[in-house]
Amino acid sequence: MGQHVNDQINNATQAFVSRNKKQAREVIDNDQKVNKSEVSLEKEALELIALQQPFADDFRAVISILKASADLERIGDHAVSIAQETIRLDDKTGNKKN
């Protein structure tokens with residue numbers, strides 16, 4: 001999930017700098033993968049808590065993973081915002097590239 005979000009930020013930034021609408025749209029389309037990853041991690045963590053009743057160290061690890069996945073999802077949303085702004089600026093300036 002972390003690598004995918006990193007790729008999303010890089011692609012969004014590259015799209016913004018080059019005003020590449022196609023690349024920006026790909027970032028927006030790929031956001032669903034990040035969202036699904038967060039939901040999947042949450043589900044697995046809650047199942048682990050409910051079924052395995054982890055001890056303190058394990059419980060802290062699970063909570064850390066949940067917090068990190070939420071932060072990564074939010075960073076992914078920022079990549080989408082950059083991509084949307086790329087498209088908006090491109091449409092506003094009339095740039096016909098991609």
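Note that the numbering runs from 1 along the sequence shown for the chain.
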Any chance you could lay out the side-chain contact (heavy atoms from CB on, under 4.5 Å) test for K33 and K36, step after step, and finish with the verdict? CA-CA 5 Å; K33 291 178 186 175; K36 287 179 183 178; 5.8 Å; no
Would you say that more than 12 heavy atoms from the other residues, nucleotides or ligands in this model lie under 6.0 Å from the CD of E47, or not? yes
Contact check, side chains of N35 and D77, non-hydrogen atoms, under 4.5 Å: yes
Side-chain heavy atoms of N11 within contact of E26, under 4.5 Å: no
Which atoms form the tightest heavy-atom contact between A83 and A12, and what is the distance? N-CB, 4.4 Å
When Q84 is tested against each of V80, T86, I87, I82 for side-chain contact (heavy atoms from CB on, under 4.5 Å), which residue passes? V80
Please determine whether side chain to side chain donor-acceptor pair (under 3.5 Å) holds for the pair N10 and Q14, giving the CA-CA distance in whole Å, both sets of side-chain angles, and the decisive distance to 0.1 Å. CA-CA 6 Å; N10 285 333; Q14 289 174 0; over 6 Å; no
For R88, is the CZ atom crowded, meaning more than 12 foreign heavy atoms sit under 6.0 Å from it? yes
Is there a side-chain contact between H4 and N30, using heavy atoms and a 4.5 Å cut-off? yes
Note: D57-R60 ion pair, threshold 4.0 Å (strictly below): yes
Find the distance between CG (L66) and CG (D71) and round it off to the nearest 0.5 Å. 11.0 Å
Kindly give the heavy-atom pair with the smallest separation between A70 and E38, and that separation in Å. CA-OE2, 3.4 Å
Do M1 and I65 sit in one hydrophobic cluster, given that two such residues count as connected whenever their side-chain heavy atoms are within less than 4.5 Å of each other, even indirectly? yes
What one should report as the nearest heavy-atom pair of A79 and I9 is CB-CD1, 3.7 Å
Is L41 reachable from L46 through a run of I, L, V, M, F, W or Y residues, each pair having side-chain heavy atoms under 4.5 Å apart? no
I want to check something: taking the side chain as every heavy atom from C-beta on, are I28 and D31 in contact at a cut-off of under 4.5 Å? no
Give a yes or no answer on whether the side chain of Q8 reaches the backbone of V27 with a donor-acceptor pair at less than 3.5 Å. yes
